[in-house]
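First comes the structure, then the notes that go with it.
Side chains are part of it too, since the values below use all heavy atoms of this structure and drop only hydrogens, waters and symmetry mates.
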Amino acid sequence: MFRALSLAAGHARWLASGIPDTLAFLAAAAAPRRAQCRALRRILHANRGTEYGRRHGFDGIRDPDAYAARVPVSDYAELAAAIEADALDTRIAEPVRGFLPTSGSGGAAKWIPWTDALQREFLAGVRPWIVGLYLAHPSLLLGGHYWSVSPQTAPRDPPRAAGGDRAGFADDTEYLGLRDRRLARRLLAVPGELARVEDPELSAYLTLLCLAGDAGLRLVSVWHPSFFTVLLDALPRRRDRLVEAL
C-alpha cells in the first residue's frame with residue numbers, strides 16, 4: 001500500500017510539473033506555422049554569431065521558406081567532419097555536454113551533440129506527452145514505468161573531440177533534465193544503474209527480472225523497438241531462472 005501511495009504521489013507531481021509546458025504546446029498547436037517560425041528564429045538568433053550562421057545569413061532569415069532557400073541541405077558526414085575536427089563551435093554556439101548515439105532504419109550509428117538548448121526542445125515535447133498519457137490513462141498513476149530511450153546496440157566509443165569523452169548518459173532519465181529526472185527515477189521499474197552493465201546477457205536478464213517482478217507495471221516506453229522485441233523473444237528460455245529468482 002505504501003509503495004502504491006508513493007508512486008501515485010510521484011506521478012501526480014510529475015503530471016503537475018508538466019502542465020506549463022503542456023499549455024504552451026497546446027497554444028503552439030493552435031497556430032503551428034507561427035510557433036515553428038518563432039522557434040526557428042530563436043534557434044537562428046542564438047547561433048547567428050557562429051561561422052556557419054554568418055556564412056548563411058541567419059540574421060536575415062525569418063521563416064522556413066527563407067531558411068530552405070538560403071541554407072543547403074547537409075548530411076551527417078558534414079557534421080561528423082566538424083565533430084572529428086573539434087570544430088563544432090563553427091556550427092553551434094552552445095557548449096557540447098556530450099554525444100548521444102542514434103541510428104535510423106539503416107546505416108551506421110551517428111553521434112548527435114547534446115546541448116542545453118536541445119534538451120529544452122526535447123522536454124518541450126516530452127512533458128506534454130507525459131501529461132497527455134496521464135490524463136488519457138489515469139491508471140498510470142498507480143504503477144511503475146519502464147523507459148528505454150538510448151539505442152541498445154550503439155557503439156560505446158564516442159568522438160574524441162569537443163567534449164566527446166562522454167558517450168550517452170549513465171541512465172536514460174538524464175534525457176529529462178534535473179527536475180524531471182528526480183521525479184522519474186522514483187517511478188521506474190528498472191533501475192537506471194542497469195544501463196552500466198556491460199554484459200548484454202546479464203543486462204537483459206536483470207531487466208526481465210525487474211519487469212517480471214513488478215506486478216504494478218503500467219507503462220513500457222521503448223524508443224528502439226527492436227530491442228524490446230529481442231528482450232521478449234528471450235523470455236521463454238530464461239523463464240525457469242526468472243521464476244526461481246522471483
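With rounding to the nearest 0.5 angstrom, the CG atom of L141 is 11.5 Å from the CH2 atom of W14. Atom CZ in F25 sits 14.0 Å away from atom CZ in R127 (nearest 0.5 Å). We find the CG-CG distance between L133 and L15 to be 10.0 Å, quoted to the nearest 0.5 Å. Atoms OH and CG, from Y205 and L209 in turn, are 5.0 Å apart once rounded to the nearest 0.5 Å. A distance of 10.5 Å separates OH of Y146 from CG of L217, quoted to the nearest 0.5 Å. Atom CG of L235 and atom CG of L208 lie 5.5 Å apart (nearest 0.5 Å).
Hydrophobic cluster membership differs between V230 and V190, with clusters built from Ile, Leu, Val, Met, Phe, Trp and Tyr side chains linked at under 4.5 angstrom.
Counting only residues at least two apart or in different chains, ring pair (Phe, Tyr, Trp, His ring centres under 6.0 Å) contacts with residues 32-54 comprise Y52-H56. Residue pairs meeting the salt bridge (Lys or Arg N to Asp or Glu O under 4.0 Å) criterion with at least one member in residues 131-144, sequence neighbours excluded, do not occur. Screening residues 136-145 for side chain to side chain donor-acceptor pair (under 3.5 Å) gives no qualifying pairs among residues at least two apart or on separate chains.
Of all heavy-atom pairs spanning P20 and S17, the tightest one is CD-O, 3.6 Å. Contact between P113 and L118 at its shortest, heavy atoms only, is O-CD2, 3.5 Å. Closest approach of A93 and A46 over heavy atoms only: CB-O, 3.3 Å. Annotation for D214 and G144: closest pair OD2-CA, 4.2 Å, computed over non-hydrogen atoms.
Residues passing the side-chain contact (heavy atoms from CB on, under 4.5 Å) test with C37 are R33, R41, D63, P64, sequence neighbours excluded. With sequence neighbours excluded, no residue satisfies side chain to side chain donor-acceptor pair (under 3.5 Å) with Q36. For Y134, the ring-ring contact (aromatic ring centres under 6.0 Å, His included) partners are H11, not counting sequence neighbours. The side chain to side chain donor-acceptor pair (under 3.5 Å) test applied to D59 returns no partner, not counting sequence neighbours. Take V131 and apply the side-chain contact (heavy atoms from CB on, under 4.5 Å) test, not counting sequence neighbours, and it matches T22, L135. For A234, the side-chain contact (heavy atoms from CB on, under 4.5 Å) partners at least two apart in sequence or on another chain are R237, R238. Evaluation of the side chain to side chain donor-acceptor pair (under 3.5 Å) rule for S221 yields W223 as partners, not counting sequence neighbours. The side chain to side chain donor-acceptor pair (under 3.5 Å) search around R55 returns E51, not counting sequence neighbours.
In this structure, W114 and F122 have perpendicular ring planes: the angle between them is above 60°, well past the 30° mark.
Judged by distance alone, the side chain of T207 and the main-chain N or O of S203 form a donor-acceptor pair under 3.5 Å. Between the side chain of R70 and the main chain of G57, a donor-acceptor pair closer than 3.5 Å is present. In this structure, the side chain of R54 engages the main chain of G49 through a donor-acceptor pair within 3.5 Å. In this structure, the side chain of N47 engages the main chain of I43 through a donor-acceptor pair within 3.5 Å.
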Exercise. After noting the C-alpha distance and the side-chain angles of V222 and W147, does the key distance pass the side chain to side chain contact (heavy atoms under 4.5 Å, CB included) rule?
Worked result: CA-CA 6 Å; V222 178; W147 283 49; over 6 Å; no
Problem set entry | Audit row: F99, I112, side chain to side chain contact (heavy atoms under 4.5 Å, CB included) steps and yes/no | CA-CA 5 Å; F99 290 89; I112 305 303; over 6 Å; no
For this session: Would you please test T50 and T90 for side chain to side chain contact (heavy atoms under 4.5 Å, CB included) and show each step?
Result: CA-CA 5 Å; T50 64; T90 68; 5.8 Å; no
Problem set entry | Audit row: D21, V126, side chain to side chain contact (heavy atoms under 4.5 Å, CB included) steps and yes/no | CA-CA 9 Å; D21 286 279; V126 168; over 6 Å; no
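Using a 4.5 Å cut-off on side-chain heavy atoms (C-beta onward), R97 and T115 make no contact. A heavy-atom distance below 4.5 Å is not found between the side chains of V220 and S148.
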Using atom types as modelled, flag every donor-acceptor pair under 3.5 Å from a side chain in residues 239-246 to any protein atom, sequence neighbours excluded.
none

